[in-house]
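Below: one structure, written as structure tokens.
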There are 2 protein chains.
Amino acid sequence: MAKSHKTLRTPGLERALDRLEHLCRARGQRLTRQRRAVLSSLLSAGRALSAYELLERLRPEDAKSTPASVYRSLDFLMALGVVHRLESTRSFIACEHPETPHWVQFLICRRCGQVVEAEDERIAAATERLGQRLGFALDQRVVELTGVCEGCRGSAARH
Amino acid sequence: MAKSHKTLRTPGLERALDRLEHLCRARGQRLTRQRRAVLSSLLSAGRALSAYELLERLRPEDAKSTPASVYRSLDFLMALGVVHRLESTRSFIACEHPETPHWVQFLICRRCGQVVEAEDERIAAATERLGQRLGFALDQRVVELTGVCEGCRGSAARH
DNA sequence: GGGTATTTGATACAAAGTATCATTAAGCGG
DNA sequence: CCGCTTAATGATACTTTGTATCAAATACCC
Ligand SMILES: [Zn+2]
Ligand SMILES: [Zn+2]
Ligand SMILES: [Zn+2]
Ligand SMILES: [Zn+2]
């Protein structure tokens with residue numbers, strides 16, 4: 001029988017890991033087991049995770065993960081642009097469209113925790129403009145909009 | 001001789017504390033010594049401070065400040081809208097124009113730490129729009145743009 | 001498969017933020 | 001000005017989040 005790789009279950013995840021590999025090769029960066037595991041875990045979580053939640057999910061598979069190692073992998077993946085950090089919730093999420101380098105905005109539902117990654121031209125342009133107007137050469141833009149998503153508003157009669 | 005209040009040194013600070021008092025009365029909230037001290041300290045710092053930096057500045061005057069008490073005062077002042085939290089630097093800063101309720105953007109210089117509070121109509125409108133488009137009823141918007149300010153770019157020959 | 005620079009493991013620590021409950025004081029009415 | 005009531009603080013201990021250091025391991029190139 002064929003060797004039973006644990007992959008190939010979710011094609012989306014497979015594609016993301018392939019993309020990670022190609023990104024690393026292109027930049028001459030090393031792709032390690034941990035880095036793969038961290039991205040993989042974030043992707044299959046399907047939501048934002050704190051570094052320590054992530055750690056808990058990694059431990060069963062890799063007992064020697066530590067906070068430091070998780071943060072290191074996260075930093076690496078963020079530099080590559082395949083993971084983002086949500087400043088307002090101190091958590092991390094896999095990028096939803098890592099094909100292009102991008103400045104994104106996040107919409108966060110405070111009730112169900114859903115996070116939507118948006119790429120709004122208007123906001124991008126307006127922030128760039130503001131930076132120029134005030135003389136700042138911007139290199140990082142955090143836009144995190146918190147509220148209640150449509151689903152959650154519907155499902156709550158009131159209050 | 002007249003009683004030697006330690007106030008009246010900086011009219012801007014005085015005005016801010018008066019405003020704080022009025023805000024509290026208007027809302028039936030109590031204005032305590034600590035809350036005054038926290039706002040006062042943030043104002044005279046003239047920059048963003050972490051909660052613990054703030055604590056250090058309060059301790060000489062009020063030896064029984066604790067992390068918990070500082071965070072409580074900060075939460076109170078933020079609810080009133082006279083203090084903002086910078087998510088991307090985990091710090092707090094006095095509002096630069098607390099007259100009106102507002103959604104603001106922050107520009108942060110990563111070299112000198114300067115923070116500028118802006119109120120850009122275009123960004124406000126664009127974020128609101130995005131929220132509507134994606135079905136979110138927004139109640140908090142974090143817009144924090146980091147880069148290098150004009151002064152710092154000028155003063156650095158290169159790198 | 002071996003060599004080397006990079007990454008990780010292990011440990012310890014620093015920084016940021018919160019829970020709890022007994023005690024204190026702000027603001028109000030008399 | 002005094003005492004009452006309720007909200008806020010003090011004290012303590014704890015949780016969560018993030019880093020420093022250096023020896024050991026491993027990804028990648030050949
Ligand atoms: Zn993205
Ligand atoms: Zn929701
Ligand atoms: Zn403000
Ligand atoms: Zn600067």
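Letters go in sequence order (proteins before strands), and every chain restarts at 1.
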Nearest whole Å is fine: how far is dT19(D) P from L55(A) CG? 15 Å
Mind checking R30(A) for me? I need base, sugar-phosphate or nothing, with any heavy atom below 4.0 Å counting as a touch. base
Would you say R59(B) has more than 12 foreign heavy atoms packed within less than 6.0 Å of its CZ? yes
For a quick test of reading the model: is some side-chain N or O of Q34(A) closer than 4.0 Å to OP1 or OP2 of dT26(D)? no
When we call it a touch if two heavy atoms are under 4.0 Å apart, what does R36(A) touch: a base, just sugar-phosphate, or nothing? nothing
Position toward the 5' end of DNA chain C (nearest nucleotide), R90(B) or K64(B): R90(B)
Keeping the roles fixed (side chain from E128(A), backbone from A125(A)), state whether a donor-acceptor pair exists under 3.5 Å. no
In whole angstrom, what separates E87(A)'s CD from dA16(C)'s P? 13 Å
Nearest-angstrom distance from the residue atom OH of Y52(A) to C1' of dT17(D): 6 Å
Given dT7(C), dT9(D), dG17(C), which nucleotide is nearest the side-chain atoms of T32(A)? dT7(C)
Using whole Å, report how far CZ of R35(B) lies from C1' of dA8(D). 6 Å
Salt bridge between R129(B) and D120(A), side-chain N to carboxylate O under 4.0 Å? no
Can a cation-pi geometry be assigned to R35(A) and F76(A), taking NZ or CZ under 6.0 Å from the six-membered ring centre and within 45° of the ring axis? yes
Euclidean distance, atom CZ of residue F92(B) to atom C1' of dA15(C) [Å, nearest integer]: 13 Å
Can you check the Q29(B) CD to dT9(D) P distance for me, whole Å? 11 Å
Stacked pair Y71(B)-dT18(C), distance under 5.5 Å, angle under 30°: no
Between the side chains of E144(A) and R141(B), is the shortest nitrogen-to-carboxylate-oxygen separation below 4.0 Å, so that they form an ion pair? no
Looking for any heavy atom pair under 4.0 Å, which part of the strands does S50(A) touch: base, sugar-phosphate only, or nothing? sugar-phosphate
What is the separation between atom CZ on R33(A) and atom C1' on dA27(D), rounded to the nearest whole Å? 12 Å
Heavy-atom nearest nucleotide on DNA chain C taken for A68(A) and for D75(B); more 5' hit belongs to A68(A)
So what does R72(B) hit on the nucleic acid, given a heavy-atom distance under 4.0 Å: a base, only sugar-phosphate, or nothing? base
Send over the distance from L58(A) CG to dT8(C) P, rounded to a whole Å. 12 Å
Quick one: is R85(B) getting a side-chain N or O under 4.0 Å of the dA16(C) phosphate, OP1 or OP2? no
Between S73(B) and L31(A), the residue closer to the 5' end of DNA chain D by nearest nucleotide is S73(B)
